Amino acid sequence: MKWKNNKLFQQVIVFSIPILILIGLAIPPAWTTLTGEEIRIQTEPIDPTDLFRGSYVSLYYEIETVTLADMDSAVISEIKQKNSGDTLPVFVRLKQENNDIYTVEKVEKERPNEGIYLKGELEAPYEFEETKGIFHIRYHLDNFYAEKEEAINLEKATTIGPAVAVVKVKNGDAILTDIIIP
Amino acid sequence: VKGVIILELKKKEYEFLEHEIKRLETEGVISKQDQEKILQYYKVKQSTSFVQIILIVGALLLGIGVLSFVASNWMYLDKGVKFLLIIACIIGFNIAGVKMQPHYPKTSISLHYVAILMFGAGIFLIEQMFNLSINFNTSFLLWAIGSLVIAYYLKDLALLIFSTLLLFVYLNGSMLLDETSYPLAILLFLPALYVLLKKWNDSSLFAFFLNALTINTIALVLLEFVPKLIDHDPYKVALFILFAIGIIITYLPVRPQLRKVTHFQGHLLHGIAGLFLTYQFSIFFALAYFVFLLYLVYKGNLTSIAIICALIFRYYVDFSFDFLPKSFAFILGGIILIGFGFFFEKQRKRREIQ
């Protein structure tokens, strides 16, 4: 086993691991951004800071809130069995409204064959009876990173009217690419 | 020499010894062979030099600078360019580190430190580039993996401890801040790190951090699962299990070089858990624990004296404000502390004689 004793070979392997991790981390979102379909969703930002990733705008989306009527029967029966705090992976089928904004059409258990849809996590409520039929879905699209000033301006502008998030979608994976202030 | 204990001396001590043995040889008391043989039983203790400290601080400043540059989100440089820049810097610093290793080992290692810190910055940058809202504990796990592989290859203790600290963030972040998924990777890392500990000749510094990580994991598992299994007073039960584990650790038959640090951590654990338990249980628990501590002190354990002091202080504060006139409480407290000081000194002396 000559290669095992080759010092240069060992060094190349060891020191390329961080690089491979970084590239591996970047490929899936880059792929979604490059090849995904662009959609727009209504959103409301606020502005906090993170120690390592800097200031960002934390976003709340219209499509995060769904009602019982939006969910198909399989989702409803499964979410009833979950403990509070647990989540249920779901697919959210979206439809395009007249003003170009996408809204929730149906929350489903199975991956849709066609159309625009997002992967999400449906949160089980504390008391099923007390939810008044309103549920919350997480999409992991919550953070938009921007320089401190830009983040503050974005937040100020959106106190007047709601903003629109530009999102690239590919096979249910979504990457937030921009925020537009109307 | 195989099979003998080599004593590590400070540089000055070693030089004195070397000088003396040489003198004895020139005086004809011992032979030239004896001189060489005796010196083989001693070696100079490697301590952190001034140069090393400067290099490490420099590497830390540079690395933290890059981390906060990423966090600053400077918009005049495209994010893709920033990413390529970071990749290029990581490769560059690692190559420079490898090239400098033969002649400048200390500078070389500090260059690798910079590369590791930049690797962390790279992870955060990707999350920023694509507005990924994944939780920061996953980032720390990836950072730990990269750093651990390089620590293992370079056989560097500081880097190994740094990786362990990253795992601390991963573990506690997953369990306390973001409760969506369990940090299962820790179950893989703990045994792997204990294997590494053996490779590092049972370094007690690394053992301290690793044991702390293990105890941390156990504590979090108890806090998470005991309330799910027991309805009545779950946190009291969890605390008591930790207390018992602390006592078990103090009796754990570990390898000789790890004994001191591991047993110390056991005492620390049952001491802290025990102190909290005195608020949960009746005074009889405290009394029984007190007797147990006295037994440990009698056996020569000095950490227990600190726990006894803490225990007394805790009750002293309780009682003095409840019942006793303040002056009397202070007098009593003073006598107790002086008594313990005397006891402590006597105990140390007894150890020295032994």
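Chain naming here is simple, since letters A, B, ... match the order of the sequence lines and numbering starts at 1 in each. These numbers were taken from a predicted model, which means no experiment stands behind them. The figures here come from the full heavy-atom set of this structure, side chains too, leaving out hydrogens, waters and symmetry mates.
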**Student:** Non-hydrogen contacts under 4.5 angstrom with chain B: give the residues of residues 27-37 of chain A involved, or none if there are none.
**Tutor:** A/Pro29, A/Ala30, A/Thr33

**Student:** Is A/Asn143 reaching over with its side chain to a backbone N or O of B/Asn131, donor-acceptor style, under 3.5 angstrom?
**Tutor:** no

**Student:** What distance do B/Lys99 atom NZ and A/Gln11 atom CD have between them, rounded to the nearest 0.5 Å?
**Tutor:** 8.5 Å

**Student:** Are side-chain heavy atoms of B/Ile150 and A/Ile17 found at a separation under 4.5 Å?
**Tutor:** no

**Student:** List the steps, then state whether side chain to side chain contact (heavy atoms under 4.5 Å, CB included) holds for B/Phe83 with A/Leu22.
**Tutor:** CA-CA 9 Å; B/Phe83 181 64; A/Leu22 287 180; 4.3 Å; yes

**Student:** Of the backbone (N, CA, C, O) and the side chain (C-beta and beyond), which part of B/Leu154 lies under 4.5 Å from a heavy atom of chain A, both, or neither?
**Tutor:** side chain

**Student:** Answer yes or no: does atom OH of B/Tyr235 have more than 12 heavy-atom neighbours from other residues, nucleotides or ligands under 6.0 Å?
**Tutor:** no

**Student:** Could you tell me if the side chain of B/Phe119 sits less than 4.5 Å from the side chain of A/Ile21, heavy atoms only?
**Tutor:** yes

**Student:** Are more than 12 heavy atoms, taken from residues, nucleotides or ligands other than A/Lys95, located less than 6.0 Å from that residue's NZ atom?
**Tutor:** yes

**Student:** Which bit of B/Ile126 is near chain A, if near means a heavy-atom gap under 4.5 Å: side chain, backbone, both or neither?
**Tutor:** side chain

**Student:** Is there a side chain to side chain contact (heavy atoms under 4.5 Å, CB included) between B/Val98 and A/Leu8? Walk through the geometry before answering.
**Tutor:** CA-CA 10 Å; B/Val98 167; A/Leu8 182 71; over 6 Å; no

**Student:** Is there side-chain contact between B/Leu132 and A/Leu25, with heavy atoms separated by less than 4.5 Å?
**Tutor:** no

**Student:** Report, as yes or no, whether the 6.0 Å neighbourhood of atom CZ on B/Phe168 holds more than 12 heavy atoms from other residues, nucleotides or ligands.
**Tutor:** yes

**Student:** Enter the distance from B/Ile91:CD1 to A/Phe15:CZ here, rounded to the nearest 0.5 Å.
**Tutor:** 12.5 Å

**Student:** For B/Tyr152, does the OH atom have more than 12 heavy-atom neighbours from other residues, nucleotides or ligands under 6.0 Å away?
**Tutor:** no

**Student:** Quick one: what part of B/Tyr153 sits under 4.5 Å from any heavy atom of chain A, side chain, backbone, both or neither?
**Tutor:** side chain

**Student:** Do B/Met129 and A/Tyr145 have side chains that approach each other closer than 4.5 Å (heavy atoms only, starting at C-beta)?
**Tutor:** no

